[in-house]
Amino acid sequence: LRNLEGVVMIEAIVERLEQNAPAFSSISVAEDLDALAAGTAPDHGACFVVPYREKARPNKQGYGDFRQTVDVQFFVAFVVRHHGDVRGKERAKAFDNFKASSEQALAGWEVQPGSNLCALVNSEGTSLGNGASVYVQLWETTRFLTGA
């Protein structure tokens, strides 16, 4: 996922979260969401950026330079741990702090000049077992394919 300046988009998203989402204990990239559930769940407050789906729009340039818009979706997933919380009440309350942090960092942010502003598409939480839950947000923006 590269933007016009050659900066890797996923790295730009991680950097944005590192600078603007202080609630997270760590921020890294994961290949897919299944990796978060496999093995030992990450620490409380760990955040992961996961590439998801891209859909290209038709190139509207009839002449000259090639510039195609690509819709890009990515996940921001974070882990909440709280042992001795059978019903998950404390984990559910902890989601709010992390959600607010990621939303303040990403909502309305322009990843590259001229791209659509980042927008939250969907979100969902689920238990990983052993006192841990993961909350996943699906975000969307655009990038440009120039053929350069």
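Position 1 is the first residue of the sequence; numbering continues from there. All of these numbers come straight from a predicted model, not from anything done at the bench.
- Note on Arg81 versus Asp43: no salt bridge recorded, every NZ/NE/NH1/NH2 to OD/OE distance being 4.0 Å or above.
- Note that CG of Asp71 and CZ of Arg57 are 4.0 Å apart. Values are rounded to the nearest 0.5 Å.
- In this structure, Ala105 and Arg16 approach most closely via the heavy-atom pair O-NE, 2.7 Å.
- Lys99 contributes atom NZ, which lies 12.5 Å from atom CD of Gln104 (distance to the nearest 0.5 angstrom).
- How far NZ of Lys55 is from OG1 of Thr142: 14.5 Å, rounded to the nearest 0.5 Å.
- Residues Gln73 and Leu138 meet the side-chain proximity criterion, which asks for heavy atoms closer than 4.5 Å.
- Residues Trp109 and Thr141 form no side-chain contact, since every pair of their non-hydrogen atoms from C-beta on lies 4.5 Å or further apart.
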- request: Please report the C-alpha distance between Phe144 and Val70 in whole Å, then the side-chain angles of each, then the deciding distance to 0.1 Å, and finally whether the side chain to side chain contact (heavy atoms under 4.5 Å, CB included) criterion is met.
  value: CA-CA 6 Å; Phe144 302 105; Val70 179; over 6 Å; no
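- Note that CD1 of Ile27 is 10.0 Å distant from CD of Gln19, once rounded to the nearest 0.5 Å.
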field: Steps toward side chain to side chain contact (heavy atoms under 4.5 Å, CB included) verdict (Arg143, Val111)
entry: CA-CA 8 Å; Arg143 69 177 182 91; Val111 179; over 6 Å; no
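- The structure places CD of Glu31 at 13.5 Å from CZ of Phe48, a figure rounded to the nearest 0.5 Å.
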Side-chain donor-acceptor distances from residues 118-126 under 3.5 Å, at least two apart:
| residue | atom | partner | partner atom | Å |
| --- | --- | --- | --- | --- |
| Ser123 | OG | Tyr135 | OH | 3.0 |

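- In this structure, the side chain of Glu110 engages the main chain of Gly114 through a donor-acceptor pair within 3.5 Å.
- The distance from atom CD of Glu140 to atom OH of Tyr52, rounded to the nearest 0.5 Å, is 11.0 Å.
- Residues that satisfy the ring pair (Phe, Tyr, Trp, His ring centres under 6.0 Å) test with Phe24, not counting sequence neighbours, are Phe78, Phe98.
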